[in-house]
Amino acid sequence: SSPDIHPDFQLLLEPLTDKYGHVSVDDICDAANTPSDNLPYLSIAGSARNMCYQHLLGECTSRECRQYRYHATTEELDDDPNFRKALSEKLKPG
């Protein structure tokens, strides 16, 4: 698993990464029956569409992505436990 993943998300994803090796936010959202643009987001990003959730899960591999989507820092995630909890609750069913 990626050292960039926040421990809260690492815990959430462990069963999937152990089974499949990597995860996709879209696959998790499909399984959780939650559209990705319905996910909680950090206010600095402005909207769910502007957040890179793959980055939060340590799976963003696109070099261009940072130009279009917000990549939250560990500090921002540490400062917002409510965001981490809300996102985990949304993704957990998946």
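With rounding to the nearest 0.5 Å, the separation of OG in Ser88 from CG in Leu13 is 8.5 Å. With values rounded to the nearest 0.5 angstrom, Cys29 atom SG is found 4.0 Å from Leu39 atom CG. Of the inter-residue distances, the one linking Lys85 atom NZ with Lys92 atom NZ reads 10.5 Å to the nearest 0.5 angstrom. Within the model, atoms CZ of Arg66 and SG of Cys60 stand 7.0 Å from one another, a figure rounded to the nearest 0.5 Å.
Residue pairs that meet the salt bridge (Lys or Arg N to Asp or Glu O under 4.0 Å) test with at least one member in residues 33-43, sequence neighbours left out, are Asp37-Arg49. For the salt bridge (Lys or Arg N to Asp or Glu O under 4.0 Å) condition, the pairs that include at least one residue of residues 8-30, sequence neighbours left out, are Asp8-Arg84.
By the rule that hydrophobic residues join a cluster once side-chain heavy atoms approach within less than 4.5 Å of another member, Tyr20 and Leu12 end up as members of one cluster. Residue Ile44 is grouped with residue Tyr53 when hydrophobic side chains (ILVMFWY) are merged at heavy-atom distances under 4.5 angstrom, including chains of intermediate members.
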Can Asp78 and Thr73 be said to form a side chain to side chain contact (heavy atoms under 4.5 Å, CB included), step by step? CA-CA 9 Å; Asp78 283 342; Thr73 65; over 6 Å; no

Could you go step by step and tell me if Cys52 and Tyr70 meet the side chain to side chain contact (heavy atoms under 4.5 Å, CB included) rule? CA-CA 6 Å; Cys52 179; Tyr70 189 74; over 6 Å; no

Given Leu57 and Ile28, is the side chain to side chain contact (heavy atoms under 4.5 Å, CB included) satisfied, shown in steps? CA-CA 11 Å; Leu57 306 185; Ile28 295 171; 4.0 Å; yes

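Scanning for ring-ring contact (aromatic ring centres under 6.0 Å, His included) contacts around His22 gives an empty result, with sequence neighbours left out.
Nearest heavy-atom pair, Ala31 versus Gly94, reported as atom, atom and distance to 0.1 Å: CB-CA, 3.6 Å. Smallest separation of non-hydrogen atoms from Pro40 and Phe83: O-CE1, 3.3 Å. Contact record, Leu56 with Ile5: O-CG2, 3.9 Å, taken as the closest heavy-atom pair. Closest approach of Ala48 to Ser36, counting heavy atoms only: CB-O, 3.9 Å.
Applying the side chain to side chain contact (heavy atoms under 4.5 Å, CB included) test between Val25 and each of Glu59, Gln54, His55 identifies Gln54 as the sole match.
By the 6.0 Å contact criterion, CG on Asn33 is open, its count of non-hydrogen atoms from other residues, nucleotides or ligands being 12 or less.
The shortest distance between side-chain heavy atoms of Leu42 and Glu76 falls below 4.5 Å.
At least one donor-acceptor pair under 3.5 Å links the side chain of Asn50 to the backbone N or O of Ala45.
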